[in-house]
J.: 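Handing you a structure now.
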Amino acid sequence: MKNQPLHSRLNHSSGSLFVLSTKSTGIIAAVAVGLAAAARPYAQKMSSGGLLISMGALQCGWLGANLAISFLEAPIKFLAPTPARRSLIDVGRHVFSAFNKVEVILAAFDLLGWYLLTQRSLVAPLPTSAAPGLLGQLKMGWRQWLRFSPGLIVFVFESFTFLPVMRGVGARFIEGQPVEKNNRAHVVYVALEAIKVATLAASTASIGQALLQLI
């Protein structure tokens, strides 16, 4: 038993395997996009105030969770002297993987909400020369598109590129295999998290401002 590789002694539960799986993230993403698309007709019937309140609640919840996990829990847990570093990394990859799956759902509905807010010119008004519909959305300036960036970051970059790579590095470290330091990937991931938090904070403030003007 002593010479048995560590990974063969780790008995992952079905829940653990689901949380760590990139395939399950893809399934959740597909379901979330489908649910958001199905919810669009109902969301379009909401009042402007109701839509702003719903988006504000979604953004505040997402922002708070992101700050708590990425910028509070992640660095502080390594200050604890008792747990082994392998245990901390194992817990960390489960927490980040589980939160990413929640973020995929939030991102799908966040993108829908911003599409509707922009369509109604409640927060991100279209240029006067823009045509209605999707063509008009493509003529938005970079500041308007920036409000879509948290959802796009989750779908395009974190869920299917950086997180799988970091999970793989963490798994090799836990199994006792040699791991090459990849500071660049870690720095890029932290930068994406910082951009996501900053744009969530700025866009949440703009929603609050629009709601006050509506009242």
Side-chain angles (χ1 to χ4, degrees), residues 19-26 28-29 32-33 36 55-56 58-80 85-86 88-115 117-118 123-124 137-138 140-174 178-208:
V19 165
L20 295 175
S21 171
T22 303
K23 182 183 292 186
S24 65
T25 303
I28 291 174
V33 170
M55 277 295 292
L58 186 153
Q59 295 249 143
C60 284
W62 190 359
L63 176 61
N66 215 144
L67 286 171
I69 291 176
S70 297
F71 296 96
L72 189 63
E73 182 271 342
I76 286 180
K77 69 173 180 282
F78 287 99
L79 298 178
R85 189 172 182 83
R86 283 179 178 173
L88 294 173
I89 290 176
D90 198 17
V91 171
R93 68 185 184 133
H94 278 79
V95 170
F96 272 88
S97 297
F99 181 55
N100 176 248
K101 287 168 173 55
V102 174
E103 281 193 300
V104 163
I105 300 171
L106 294 174
F109 285 90
D110 192 63
L111 291 171
L112 170 64
W114 278 113
Y115 172 80
L117 288 176
T118 304
V123 176
Q137 312 302 321
L138 296 176
M140 292 191 301
W142 68 270
R143 289 186 179 180
Q144 285 84 3
W145 276 113
L146 196 62
R147 289 165 179 161
F148 290 86
S149 64
L152 294 176
I153 286 173
V154 168
F155 273 112
V156 178
F157 295 107
E158 291 186 348
S159 300
F160 304 105
T161 52
F162 289 102
L163 268 178
V165 170
M166 295 176 73
R167 277 197 298 264
V169 172
R172 291 195 295 274
F173 180 85
I174 293 166
V179 175
E180 295 181 4
K181 289 187 177 180
N182 193 348
N183 292 329
R184 182 178 298 178
H186 191 264
V187 168
V188 171
Y189 183 78
V190 172
L192 288 173
E193 286 291 294
I195 293 171
K196 188 168 62 179
V197 165
T199 50
L200 279 172
S203 56
T204 302
S206 66
I207 289 175

J.: Closer than 3.5 angstrom, by distance alone: can the side chain of S203 be matched with the main-chain N or O of L200 as a donor-acceptor pair?
T.: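 At least one qualifying donor-acceptor pair exists.
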J.: Distance alone, cut at 3.5 Å: any donor-acceptor contact between the side chains of R167 and T22?
T.: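 Distance-only check passes for R167 and T22.
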J.: Can you name the nearest heavy-atom pair linking N66 to K196, along with the distance?
T.: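 The answer is OD1-CE, 2.8 Å.
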J.: So how far is it from F173 CZ to R93 CZ, rounded to the nearest 0.5 Å?
T.: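 Here the rounded value is 12.0 Å.
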J.: Could you pull out the closest heavy-atom pair between A36 and L112, with the gap in Å?
T.: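 Distance-wise, the nearest heavy atoms are O-CD2, 3.3 Å.
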J.: Atom CD of E103 and atom CD of E158: how far apart are they, to the nearest 0.5 Å?
T.: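 Rounded to the nearest 0.5 Å, the CD-CD separation comes to 6.0 Å.
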J.: Nearest 0.5 Å, what's the CG-CG distance between N100 and L106?
T.: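 Going from the CG atom of N100 to the CG atom of L106 covers 10.5 Å.
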J.: Minimum heavy-atom separation for A29 and F160, please, with both atom names.
T.: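 Closest approach of A29 to F160, heavy atoms only: CB-CZ, 4.3 Å.
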J.: Does any N or O in the side chain of S159 come within less than 3.5 Å of the main-chain N or O of V154, such that one atom is a donor and the other an acceptor?
T.: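 Yes, S159 side chain to V154 backbone: donor-acceptor pair under 3.5 Å.
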J.: Determine, stepwise, if the pair I89 / F78 fulfils side chain to side chain contact (heavy atoms under 4.5 Å, CB included).
T.: CA-CA 9 Å; I89 290 176; F78 287 99; 4.3 Å; yes
J.: I'd like to know whether F148 forms a side chain to side chain contact (heavy atoms under 4.5 Å, CB included) with T118, so could you lay out the CA-CA distance, the side-chain angles of the two residues, the decisive distance to 0.1 Å, and finally the verdict.
T.: CA-CA 10 Å; F148 290 86; T118 304; 3.9 Å; yes
J.: Should the ring pair Y189 and F96 be called parallel, tilted or perpendicular, given that the plane angle runs from 0 to 90° and is split at 30 and 60?
T.: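 Y189 and F96: perpendicular rings.
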J.: Can you name the closest pair of heavy atoms from P75 and S70 and give their distance?
T.: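 Scanning both residues, the minimum pair turns out to be CD-O, 3.8 Å.
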J.: Okay, side chain of S24, backbone of L20: is any donor-acceptor separation there less than 3.5 Å?
T.: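 Such a contact is absent between S24 side chain and L20 backbone.
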J.: Kindly compute the distance separating CD1 (I28) from OG (S21), expressed to the nearest 0.5 Å.
T.: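 Output value for this atom pair is 9.0 Å.
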J.: With rounding to the nearest 0.5 Å, note down the distance linking CH2 in W62 to CE in M55.
T.: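 Rounded to the nearest 0.5 Å, the CH2-CE separation comes to 9.0 Å.
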J.: Which heavy atom of A108 sits nearest a heavy atom of V33, and at what distance?
T.: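 It is CB-N, 4.1 Å.
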J.: As a quick check of understanding, evaluate side chain to side chain contact (heavy atoms under 4.5 Å, CB included) for R147 and L117, giving each step before the final call.
T.: CA-CA 11 Å; R147 289 165 179 161; L117 288 176; over 6 Å; no
J.: For Q59 and W114: C-alpha separation, side-chain torsions, deciding distance, then whether side chain to side chain contact (heavy atoms under 4.5 Å, CB included) applies.
T.: CA-CA 11 Å; Q59 295 249 143; W114 278 113; 3.0 Å; yes
